[in-house]
Amino acid sequence: MCRFFGLLAAGFLLVLPAWADDKKDPPPKDNPSAKEPATAREKYQAMLKDYNTQHGKLAAEINKAKGEERQKLAQKSTAMSKDFAEKFYKLAEDDPKSLVATDALFWVAQNGNGSPAFSKAMEKVADLAAEIPLPGLVNRLRQFRGGNAQLFEAVVNRADKDAKEPQAAELLVWVAERGSALPIGQEAANQVIERYPAHAAVTQL
């Protein structure tokens, strides 16, 4: 009898390690700690946070620095913006029909001047001006610094297309203010005055 129980115990010990190993390495799909790949929105938010953090630190250093050191820090800040512009543009390329792509392209067009991705992003933003819902386009342009003739023309064309919509006036005002040094900016100002004489911007224009 003792010999029987001894053999039984030995057999249990032989089986136990294999059972324990199975518990240590469950299939990945059953592993509650396994992380899902980051979504495009999560990647965008992470890059935006990273850029804002680095840019904020450099801006603080630039404000304190003087002379040659200040110039070096400014060049470093410009190089960083160009580097991030490439990353944001790549994110837009990976999912071109998504809202994240639109956000990323507008970011590059506003912050990536001088980078290889800048001109490509500006072209796509000009195309988007014809597609984005009008309220969304107006909101984006209010936060958008700069612009070029291609974008100004696209925005004016959109204003012509949606001339019966009240917010079309905001598009023309934006072009008139941001492109005042260009003929298209002067044209936009004249259109505001003619089409929307009661607009608050008429006096300034």
Side-chain angles (χ1 to χ4, degrees), residues 28-29 31-63 65 69-159 161-162 167 170-171 174-175 177-179 182 184-185:
K29 65 180 181 180
N31 188 351
S33 63
K35 294 183 178 180
E36 294 292 332
T39 65
R41 175 59 61 185
E42 289 171 338
K43 291 179 181 178
Y44 175 83
Q45 294 293 350
M47 283 196 296
L48 189 61
K49 181 179 180 180
D50 190 16
Y51 171 81
N52 288 336
T53 299
Q54 293 189 45
H55 184 267
K57 290 180 179 179
L58 280 174
E61 293 177 13
I62 290 172
N63 289 334
E69 181 63 21
R70 184 186 182 94
Q71 185 176 1
K72 289 181 179 179
L73 289 171
Q75 292 173 348
K76 184 177 180 180
S77 178
T78 300
M80 183 194 70
S81 295
K82 292 180 180 179
D83 181 55
F84 270 91
E86 297 302 313
K87 295 178 182 178
F88 277 104
Y89 189 81
K90 176 63 168 56
L91 183 63
E93 280 190 317
D94 290 342
D95 193 3
K97 298 297 183 181
S98 69
L99 182 59
V100 170
T102 299
D103 292 340
L105 289 171
F106 267 86
W107 191 96
V108 177
Q110 181 162 294
N111 301 283
N113 192 15
S115 71
F118 177 74
S119 60
K120 295 183 291 186
M122 286 298 296
E123 290 180 7
K124 292 183 181 296
V125 165
D127 292 338
L128 286 169
E131 304 172 3
I132 298 175
L134 189 57
L137 178 60
V138 171
N139 288 334
R140 285 181 183 277
L141 292 178
R142 283 173 178 167
Q143 304 172 40
F144 193 85
R145 301 186 303 273
N148 63 7
Q150 183 180 17
L151 179 57
F152 294 148
E153 182 178 358
V155 174
V156 168
N157 290 339
R158 180 62 184 275
K161 178 183 176 181
D162 294 330
Q167 287 185 310
E170 304 304 325
L171 299 181
W174 182 81
V175 175
E177 292 177 345
R178 301 302 174 90
L182 300 174
I184 195 168

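When reading the values below, keep in mind they use all heavy atoms of this one structure, side chains included, and skip hydrogens, waters and symmetry mates.
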Using the side-chain contact (heavy atoms from CB on, under 4.5 Å) criterion, which residues pair with [X]? Sequence neighbours excluded.
| X | result |
| --- | --- |
| M47 | K87, F88, L91 |
| P135 | P133, Q167 |
| D95 | S98 |
| T39 | R41, E42 |

Nearest heavy atoms of [X] and [Y], plus distance in Å:
| X | Y | answer |
| --- | --- | --- |
| L137 | I132 | N-CG2, 3.6 Å |
| R158 | D162 | NE-OD2, 2.6 Å |
| A126 | A154 | O-CB, 3.4 Å |
| V100 | A40 | CG1-O, 3.8 Å |

Is there side-chain contact between [X] and [Y], with heavy atoms separated by less than 4.5 Å?
| X | Y | answer |
| --- | --- | --- |
| N111 | R145 | yes |
| L134 | L171 | yes |
| V138 | R142 | yes |
| Q54 | L58 | no |

Problem set entry | Which residues share a salt bridge (charged side-chain N to carboxylate O under 4.0 Å, His left out) with D127, sequence neighbours left out | none
For this session: Kindly write out the residues that satisfy salt bridge (charged side-chain N to carboxylate O under 4.0 Å, His left out) with R178, not counting sequence neighbours, or none if the list is empty.
Result: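 Listed in chain order: nothing, the list is empty.
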Exercise. What distance separates H55 NE2 from L48 CG, expressed to the nearest 0.5 Å?
Worked result: 12.0 Å
For this session: To the nearest 0.5 Å, tell me how far Q110 CD sits from R140 CZ.
Result: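 Q110 atom CD to R140 atom CZ measures 11.0 Å (nearest 0.5 Å).
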For this session: Keeping the roles fixed (side chain from D83, backbone from A79), state whether a donor-acceptor pair exists under 3.5 Å.
Result: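 Such a contact is absent between D83 side chain and A79 backbone.
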For this session: Only one of Y51, Y44, Y89 passes ring pair (Phe, Tyr, Trp, His ring centres under 6.0 Å) with W107; say which it is.
Result: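 The ring pair (Phe, Tyr, Trp, His ring centres under 6.0 Å) with W107 is passed solely by Y51 among Y51, Y44, Y89.
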Problem set entry | All pairs passing salt bridge (Lys or Arg N to Asp or Glu O under 4.0 Å) where residues 46-61 contributes a residue, at least two apart | none
For this session: Name all residues meeting the side-chain hydrogen bond (donor to acceptor under 3.5 Å, both in side chains) criterion together with T102; count only those two or more places apart in sequence or in a different chain, and write none if there are none.
Result: none
Can I get a per-line list of side-chain donor-acceptor pairs under 3.5 Å for residues 113-123, giving both atom names and the distance, sequence neighbours left out?
residue: S115; atom: OG; partner: G112; partner atom: O; Å: 2.7
residue: S115; atom: OG; partner: F118; partner atom: N; Å: 3.3

Please list every donor-acceptor pair under 3.5 Å in which a side-chain atom of residues 69-78 meets a protein atom from a residue at least two apart or in another chain.
residue: R70; atom: NH1; partner: I62; partner atom: O; Å: 2.7
residue: R70; atom: NH1; partner: A65; partner atom: O; Å: 3.3
residue: T78; atom: OG1; partner: A74; partner atom: O; Å: 3.1

Problem set entry | Pair listing, ring pair (Phe, Tyr, Trp, His ring centres under 6.0 Å) test, anchored in residues 131-152, at least two apart | F106-F144, F152-W174
